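The structure appears right after this line, and notes come after that.
Please read these numbers as outputs of a predicted model, since none were measured by experiment. Computed over heavy atoms, backbone and side chain alike; hydrogens, waters and symmetry mates excluded. One-based numbering, in listed order, for ligands and for the atoms of each.
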Amino acid sequence: MSKLTESAHAHRKDEHLAIALKQYQEKSDAGFDDIQIIHQSLPEIAVDNVDLSTHFAGLTLSTPFYIEAMTGGSERTGHINAKLAEIAAATGLAMAVGSQSIALKEPAAASTFTIVRKVNPHGQIFANIGAGHSLDDAQRLVDMVAADALELHINSAQELIMPEGDRDLRWRDHITEIVNGLSVPVIVKEVGFGMSQETINTLKQMGVQYINVSGRGGTNFARIENERRHHQELSYLSNWGQTTVQSLLEAHAVSNMQIAASGGVRTPLDVLKALILGANAVGVAGHFLRVLMTHDEETLHTYIKDWQSDLRLLYALTGSHTTADLRTVKTVLSPALMNYCQQRNLK
Ligand code: FNR
C-alpha cells in the first residue's frame, strides 16, 4: 500500500472505527429478542442436506451472512480491510468495503480499497458510496475494486449530526441515475437508522430492487457522531430510527424487493431470525470488527466458520433445507412489537 498522508477525511475514518469499537455493546437492541421462533419437534431433516446459499442482488452467496461495509481510506483502515478480505476469501463470505468517496478526492486512498480485490481476487465484493454522487463517480468506484454490486448508502441522520456533514440531502435523482446506468446491481443501504415502508416504496418507485434496511440496535452513528462533536449537543437523537427487526417488518408492506438486513446482528440466531423475517442476506459490521480488533485474524476466521456450522444446525432445527424454506417458519412477536405493527398497519 502506498504511503498515505493522513488528511481530515482519513482521520475521520480512524475516528469512526475507534469510537465504534469503544461504544460497542455486547447486547444488541435490534429487536431480535422480540421474535420467538416456534419450536417444532419433528423437523425431519439431516443436517448434511442443509443448503445455506441465498440469492441477493443478482448474486448467489454461499453463506447468507457477509462482512458489512465499514472501512478504508486511511493507512490503518486499509490494513483492516486487507485482513477482512483475507478472512472473506478463506470463508467464502461476501464483503462490502466502506465508503470509497475519499478515493475520489485523494487518489492515494484507492489502495486501501483495491487491496480487498488484490487479496480476494475471486470473491464477491460490494463497492460503497454515499447517495449524493454521480453515476460516473459510482462507476469509477465499482471499477476500482471490480465490484459485484454497489452499496449506495443513505445516511441523512448521520450527515446532519456530523458537524462537517452534508446539508443538502436531495439524493433521489442521483440514486435513479445510478440505478439505471451502473454496470452492476445497486443496493440502497441505510447505516443503522432503519427504513420505513414509505422509504422502501419510494425507492421501489425509483426503480430500486435491492435494499439493506440497516436498522438501529447495533453500531449507532448518532452516538458516534455525537462523541466526535465533543459537546454532544444532539445526544437526544441516540434512539432515532427503526430497529432492524422493525425495519424488516416495514419491508413486508412492499412487495418484490430483495432485502438485506444489518444492524445489531450478534449471533447466528439473529441471522436466522432476520432471514425468517424476509431478509435474503444479512450483513454484520460492528460485531465482526470487535472480534477482529480485540483478538486477531485467526480468531475471526474460526469465529465465522463456527457461525457457518451453527447456522446449518439452526436451519435443521427449524426443518429448513434452504434459505427460502425459512420463510415458512412460525414465529410469535412480543406485545411491544405487535403494538408497533398495529400502529404501522403491518402484518
Ligand atoms: C460503518 N458503516 C458504514 N456503512 C456504509 O454504508 N458505509 C460506510 O462507510 C460505513 N462505515 C462504517 C464504519 C464503521 C467503523 C462501522 C462499524 C460501520 C455502517 C455499517 O455498514 C452498518 O450499516 C451499521 O454499522 C449497522 O451494522 P452493525 O455494525 O450493527 O453490524
Worksheet item: Atoms of ligand 1 less than 4.0 Å from Glu68 heavy atoms?
Response: 21 (O)
Worksheet item: So which protein heavy atom does atom 30 (O) of ligand 1 come closest to, and at what separation?
Response: Gly264 N, 2.8 Å
Worksheet entry | Contacting atoms of ligand 1, where contact means under 4.0 angstrom from a heavy atom of Gly98 | 9 (O)
Worksheet entry | Protein heavy-atom partner closest to atom 22 (C) of ligand 1 - residue, atom, separation in Å | Ser214 OG, 3.7 Å
Worksheet item: Hey, does Leu292 have a side-chain heavy atom less than 4.5 Å from the side chain of Glu297?
Response: yes
Worksheet item: Is the closest heavy atom of Lys189 to ligand 1 under 4.0 Å?
Response: yes
Practice prompt. Say whether Ser196 and Thr199, considering side chains only, have a donor N or O and an acceptor N or O under 3.5 Å apart.
Written response: yes
Worksheet item: Do Trp307 and Phe65 have their ring centres less than 6.0 Å from each other?
Response: yes
Practice prompt. Determine yes or no for a side-chain-to-main-chain donor-acceptor pair under 3.5 angstrom, with Arg223 supplying the side chain and Ser235 the backbone.
Written response: no
Response to the item:
In short, Pro43 meets Leu317 closest at the heavy-atom pair CB-O, 4.2 Å
Discussion item. I need the atoms of ligand 1 closer than 4.0 Å to a non-hydrogen atom of Gly218, numbered in the order shown.
Written reply: 30 (O)
Worksheet item: Looking at His153, which atoms of ligand 1 are within less than 4.0 Å of one of its heavy atoms?
Response: 5 (C), 6 (O), 7 (N)
Worksheet item: Where the closest heavy atom to atom 19 (C) of ligand 1 is concerned, which of Ala285, Ala69, Ala30 has it?
Response: Ala69
Worksheet item: Among protein heavy atoms, which sits nearest to atom 16 (C) of ligand 1, and what does the distance come to when rounded to 0.1 Å?
Response: Met70 CG, 3.7 Å
Practice prompt. Identify, for atom 29 (O) of ligand 1, the protein heavy atom at the shortest distance, and state residue, atom and that distance.
Written response: Thr219 OG1, 2.5 Å
Item to complete: State yes or no: do Leu203 and Tyr210 share one hydrophobic cluster built from I, L, V, M, F, W and Y residues joined by side-chain heavy-atom distances below 4.5 Å, directly or via other members?
Response: no
Worksheet item: Within less than 4.0 angstrom of ligand 1, does Phe288 place any heavy atom?
Response: no
Response to the item:
When every non-hydrogen atom of Phe56 is compared with those of Ile187, the smallest separation belongs to CE2-CD1, 3.7 Å
Worksheet entry | Where ligand 1 meets Val191 - atom numbers and elements under 4.0 angstrom, heavy-atom basis | 4 (N), 6 (O), 23 (O)
Response to the item:
In this structure, atom 7 (N) of ligand 1 is nearest to the protein heavy atom Asn128 OD1, 3.2 Å
Practice prompt. Return yes if a side-chain donor-acceptor contact under 3.5 Å exists between Ser334 and Asp34, otherwise no.
Written response: yes
Fill in: Atoms of ligand 1, numbered as shown, that sit under 4.0 Å from any heavy atom of Phe221
1 (C), 2 (N), 12 (C), 13 (C), 18 (C), 19 (C)
Practice prompt. For the residue pair His287 and Tyr24, establish whether any side-chain heavy-atom pair is separated by less than 4.5 Å.
Written response: yes
Item to complete: May I ask you to list the atoms of ligand 1 that are less than 4.0 angstrom from any heavy atom of Gly286?
Response: 28 (P), 29 (O), 31 (O)
Item to complete: Indicate whether any N or O donor in one side chain lies under 3.5 Å from an N or O acceptor in the other, for Asn201 and Gln197.
Response: no
Worksheet entry | Identity and separation of the nearest protein heavy atom to atom 9 (O) of ligand 1 | Ser99 N, 2.8 Å
Discussion item. Would Thr71 count as a contact residue for ligand 1, given that I'm defining contact as a non-hydrogen atom of the residue lying under 4.0 Å from a ligand atom?
Written reply: no
Response to the item:
Residues Leu234 and Asn226: closest non-hydrogen pair is O-ND2, 2.8 Å
